[in-house]
Amino acid sequence: MSDRYNHKVAEPKWQKKWRDANIFKVEKKDNKKKYYVLEMFPYPSGKIHMGHVRNYTLGDVVARYKKMMGFNVFHPMGWDAFGLPAENAAMTEKKNPADWTYTNISYMRNQLKSMGFSIDWDRELATCHPGYYKHEQLFFLEMYKNGLAYKKMSEVNWDPVDKTVLANEQVIDGRGWRSGALVEKKNLSQWFLKTSNYSEELLDDLSSLDMWPNKVKVMQSNWIGKSEGAEIVFSLVKNDFLDDKHLTVYTTRPDTIFGATFIAISANHDFAKKILKKDNNAKKFNKEIKVIDSEKTKVGYNTNIFIKHPFLDKKIPLFIANFVLMDYGLGAIFGCPAHDQRDLDFALKYNLEVIQVVEPIKSKQHSNGIKNTAILESGLMINSGFLDGMDNEKAKKEVVKRLEKEGIGNKKINYKLRDWGISRQRYWGCPIPILYREDGSVIPVEEKELPVLLPVLSQNNPSPTKEEVDEWKNTSCPITGMKAIRETDTFDTFFESSWYFLRYCNPRLNNKPFLKEDVNYWLPVDQYIGGIEHAILHLLYSRFFTKALRDLKFVDINEPFRGLFTQGMVTHKTFKDKMGNWVEPNKIVESKGNYFDNNNEQVLVGKIEKMSKSKKNVVNPSSIIENYGADTARWFMLSDSPPERDLEWTDVGVASSYKFINKIWETCIRAKNYKASDDLLKTNKFNALIQSVSENIEKFHFNKSVANIYEYVNEINKFMDKKTISGDSLKGVVKNLCIIIHPFTPHLSEEIWELLGHKGFCANANWPEFKKNDVVNKVNLPIQVNGKLKGLISSKKNEKEEVVLEKAKKLPSLNRVLKDKIIVKIIYIPGKILNIVIK
RNA sequence: GGGGCGAUGGUGGAAUUGGUAGACACGCUAGGUUUAGGUCCUAGUCUCGCGAGAGGUGAAGGUUCAAGUCCUUUUCGCCCUACCA
C-alpha cells in the first residue's frame, strides 16, 4: 500500500498555511456578492462540546461552499462571555470571573482552530470586553431617551439562605439549586425594554422570513400571542371598600356578555389590594392562596361587592380569584360559566348561575342544559336580548358596536408578549449606565463617560469586599455635583447576543458600534445556524433589537437573519453500573452485545440521550481530533442523519468515517499512478453527482451530499478497475472530487490538491460547473401493468409511444400477463413511465 | 387543554415531490488477500417462495391508470406551550 494519509501531520499543516496566507480574511467589496454565514456564538464554559462541533461544521460546509461559488463569504466567531458560570467558578474555585473567562476563551479558540473552520479570526470578539459593551450601554441610553427603556417594580426569585437573586433556571421545584431553600418572591425596581411596542411588527414580519423553519415561526407567533377582543367597562354598585366607580375587563368573547354571572379579579389587581386593607377576611384569603396551586385548585373570595350588567338590570358578584392572571389583559375578567370550562368549574364550586347563550348548530347537548362541560363551539345566540338569533361571530361585532355607542367599551387587540426585563442582580454582566442622585433623580451616564466599567476585583479575592464595591458605587452627578450612586444591576446576557452579529462588521471600531455602510453591505445574515432552544428568546430579542436600532437610526434593516437553520442534538448511549451510577462511554468495552466496565463488570445500557455531563455520556471532541482527525469528526457529523434531526454518536460510525477518509486518499493515490488510453466515459454520471452534491448542500441535505460523494468515489474505482476511463479524463474527474469534498473534509482536500500538483489552495478553487439537468439521455423506463411493475426497458428520454410499446411487448414478463387480455388504456409519460391498463 | 413534528429493512436513513420503494452507509453472512489482529477485496442481505411469482412503507378506508407521497378516520411516539379570559 502507498503512504497512508496522516491527519496528525496534514491537519496542523494546512491550518497554518491557511492562517499564514490569511485566506479567510474578508473585507467589504462593493462589486462582489456577499454571503454572511453565522453560527450562534458559544459561551466560554471551558471546552467545546460535540454540539459546537456539529454547529460549526454545518456552518463551515456552507461557508466554504459559498466561497468556492464565488461569494465574498463573511464567517466570523466570538464569545458570549458574560454569564452565571463565571460567577459560580468565582465561588467554587476562587477564580476571578474575567480571568476564568479569558482563560477558557483561549483554550476553546485553539480547539476550534484545530477543527479547521474557515473563520475570519481577525473579527473575533468577546462580549465581556469593555470595547464591546460600551456600545450596548450607548444603545441603552438611546433607548432610555426615546422611551424604549423604563423602570418599574417587578418580582424576582430570592434565595433567603444564599441571600441572592436566582435566575429561573436556578430554581428547581421551588427551591434554590445550591442552598435548597424555599425561594421567595421579592419585589425590586427593575429596567424594562418596550418590546411590546413592536408586538405587531414582530408578528407581521414573520411572514417575510421564508427561509426560516416553520416550526420556529409558529413558536414565536404563539409567544407573541395576538388575540382580538374587547374591553368592557362595568359600573360598580356603591360599596364600603372601593371608591372607584368602574372596572374594566378584557375578553375575547364579548358575544357571551349575557351569560356573565360573575366578575373576577387577580389578587394583584389594584382593587384587590384596596379591598385587603379594609377587609380582614380578604386579607386572610390572600395569604391562603399563596400556598395553593391554582392549576389544581381554583378558589375565590366573594367580596360582597356587586357590579351592574351593561345591558341588563342585573347585579353580579365580584370575586378575587387565584386563577386570574395579573400579567395578561387587565387582570380582570367576566365569568361566563356556560362557555368557559374554568368559569364553569368556578361557578359550580360557588353555586353561581349558569346561563347558556350560544346554541351550537349541531349540538350534542341540545336542550339538555349544561352539566360539567362548557360549550365551546360556535353557534347561534340565545337568551341574549338584542343578539338573539345571530351567529355568535357576528354577535361579537354587534356587542362591540353597542359598547362603543354607549361609551362603555371598545374593540381591543391584546398580546401575550410582555416587555423585556433586562435587570439582573449579578456581577458578571454589563453594568447599566445609570446614576441615582441623592435628590431622587435618575441620571443617565453621559455618553463620553462610557464605558461604565465593572468594579475591578482583586486577583486572589474574587468576592468583592463591601469597601471595594462602595468605592465603585459612590460617585457624583456630573451636572450638579450632587452625591449619586451607580446602578449596580447588570444587563441580561441576551442583551449582548442581540447585536453581536452587527458588531462583527467593525469589531475594533472604538467611537461607534459599527459603520452603517458596512452593516448595509454585510447584513442581514444569510444563513444563521444554531439550536432550537433559542427559537424564542434569543431570536425574538435579536429581531426586536434590530427594529429598535433601526428606529434609533443605527441601522437600515428590518430583520437580522434572512435564513435560519436549527440543528438537532448530539446524543449518545448511556450506561449504568450495578449501583445505578452513570458510567462514561470510554470506560466501556462491548462484547457480543453485552457491555462491561473497567473492572469487567457488566453494565446496563440506558436510553440514547443528549450528551450531558450529568449522564456522563459525553465524548470529548479533542480526543476524537487527536485519534481520528478533524476531517473524520466533520465527515461523521455530516453523514447519515439529516442535520435537523438528532445525531447519535457511535464509535463504529466514527471508525467508518475514518476508513472512508483513507479510502478517498487511496483512491487519489491510485488515480495519480493510473495509466490507460481507453475512454468509455460516455455517461455523465460524475456531472450528475456534482449537481446532486451542490443542490443537496443548498438544501441543507448534507447527508445526501455525503451519499453522493460515496457513489462518486466508488464509481471512480469501478472505472479504474475496468480500465474504461482514460488517464486524461480521470484527471478531471479526480480534480472535481477534490473540490467537492473540500467543504466537508478541507484538510484532506488540500493534501490531495497538493498531491495532484495543483497550485494555490483548494479552498480558493472554483466549484466545478455542471450542466444543469444534463442527465443521461438514455433511461431505464419502468413498464407497468395496472400500476404494477413488470419490467424495465432501455429507452431514449423522448422516445415515441409506439416504439416504447413495441419494445415493451417483447418483455416475457409482460407477454404472460397480457395474454387473452384487452388493453383498455395506455399511459405513457416519456422518460418516466409506461403503464398498460388491461381488463 | 392548545400547538407542532414524526412513524419506511436488524440500524441511521434515501425515494428527482403522485411514476422502478429501500439510494448511500452501518451491521450481519459467506468467500478471498495480507496479517498476530484491525485494514483491504468479492458476493449476498425487505418478507414468503426451489422457482415463476406474490406481498410489503404504524392501522383501516378512499381518490387515481398509478399512493410512502393526496384525502378521511384511527393508533402510537416525540417536542414545544400552558389557567392567555
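Every chain is numbered from 1 and lettered A, B, ... according to where its sequence line falls, protein lines coming before strand lines.
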Taking only Lys NZ, Arg NE, NH1 and NH2, and the carboxylate oxygens of Asp or Glu, determine whether [X] and [Y] approach each other closer than 4.0 Å.
X: A:Lys396; Y: A:Glu393; answer: yes
X: A:Arg670; Y: A:Asp721; answer: yes
X: A:Glu200; Y: A:Lys226; answer: yes
X: A:Asp327; Y: A:Arg418; answer: yes
X: A:Lys685; Y: A:Glu711; answer: yes

statement: Taking for A:Asn835 and for A:Val218 the nucleotide of RNA chain B with the nearest heavy atom, the one nearer the 5' end belongs to A:Val218
Does [N] have OP1 or OP2 sitting under 4.0 Å from an N or O in the side chain of [X]?
X: A:Asn714; N: B:A25; result: yes
X: A:Tyr250; N: B:A85; result: no
X: A:Lys790; N: B:A54; result: yes

For [N] and [M], measure between their [atom1] atoms and round to the nearest Å.
N: B:U81; M: B:U57; atom1: P; result: 36 Å
N: B:U16; M: B:U64; atom1: P; result: 24 Å
N: B:U11; M: B:U45; atom1: C1'; result: 13 Å
N: B:G9; M: B:G56; atom1: P; result: 15 Å
N: B:C76; M: B:G27; atom1: C1'; result: 27 Å
N: B:A67; M: B:U20; atom1: P; result: 11 Å
N: B:C26; M: B:G13; atom1: C1'; result: 11 Å
N: B:C50; M: B:G58; atom1: C1'; result: 33 Å

Across the strands shown, which category fits [X] at heavy-atom distances under 4.0 angstrom: base, sugar-phosphate, nothing?
X: A:Thr650; answer: nothing
X: A:Asn662; answer: nothing
X: A:Val324; answer: base
X: A:Gln784; answer: base

message: Apply the syn/anti split at 90° from 0 to B:U17 and say which one it is.
response: syn
message: Which is it for B:G9, anti or syn, if anything within 90° of zero counts as syn?
response: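 The base of B:G9 is oriented syn (glycosidic angle within 90° of 0).
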query: Would you call the rings of A:Phe319 and A:Tyr350 parallel, tilted or perpendicular, where under 30° means parallel and over 60° means perpendicular?
result: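 Because their plane-to-plane angle lies in the 30° to 60° range, the rings of A:Phe319 and A:Tyr350 count as tilted.
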- request: Over 60° means perpendicular and under 30° means parallel, so classify the ring planes of A:Phe575 and A:His572, tilted if in between.
  value: perpendicular
query: Okay, side chain of A:Asp631, backbone of A:Leu748: is any donor-acceptor separation there less than 3.5 Å?
result: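 Flag set: sc A:Asp631 to bb A:Leu748 pair under 3.5 Å.
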message: Looking at B:G49, which nucleotide sits across from it as a Watson-Crick or G-U wobble partner, both distances under 3.5 angstrom, or is there none?
response: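 When the pairing criteria are applied, nothing turns out to pair with B:G49, so the answer is none.
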- prompt: Does B:G9 have a Watson-Crick or wobble mate here (both distances under 3.5 Å), and if so which one?
  reply: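 With both distances under 3.5 Å required, B:G9 matches none.
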query: Expressed in angstrom and rounded to an integer, what is the separation of A:Ile833 atom CD1 from B:C65 atom P?
result: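 Roughly 15 Å, once rounded to whole Å.
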Do any N or O atoms of the protein come closer than 3.5 Å to N or O atoms of nucleotides 8-16 of chain B, and which pairs are they?
residue: B:G12; atom: O2'; partner: A:Ser641; partner atom: OG; Å: 3.2
residue: B:G12; atom: N2; partner: A:Asp640; partner atom: OD1; Å: 2.7
residue: B:A15; atom: OP1; partner: A:Lys704; partner atom: NZ; Å: 2.5

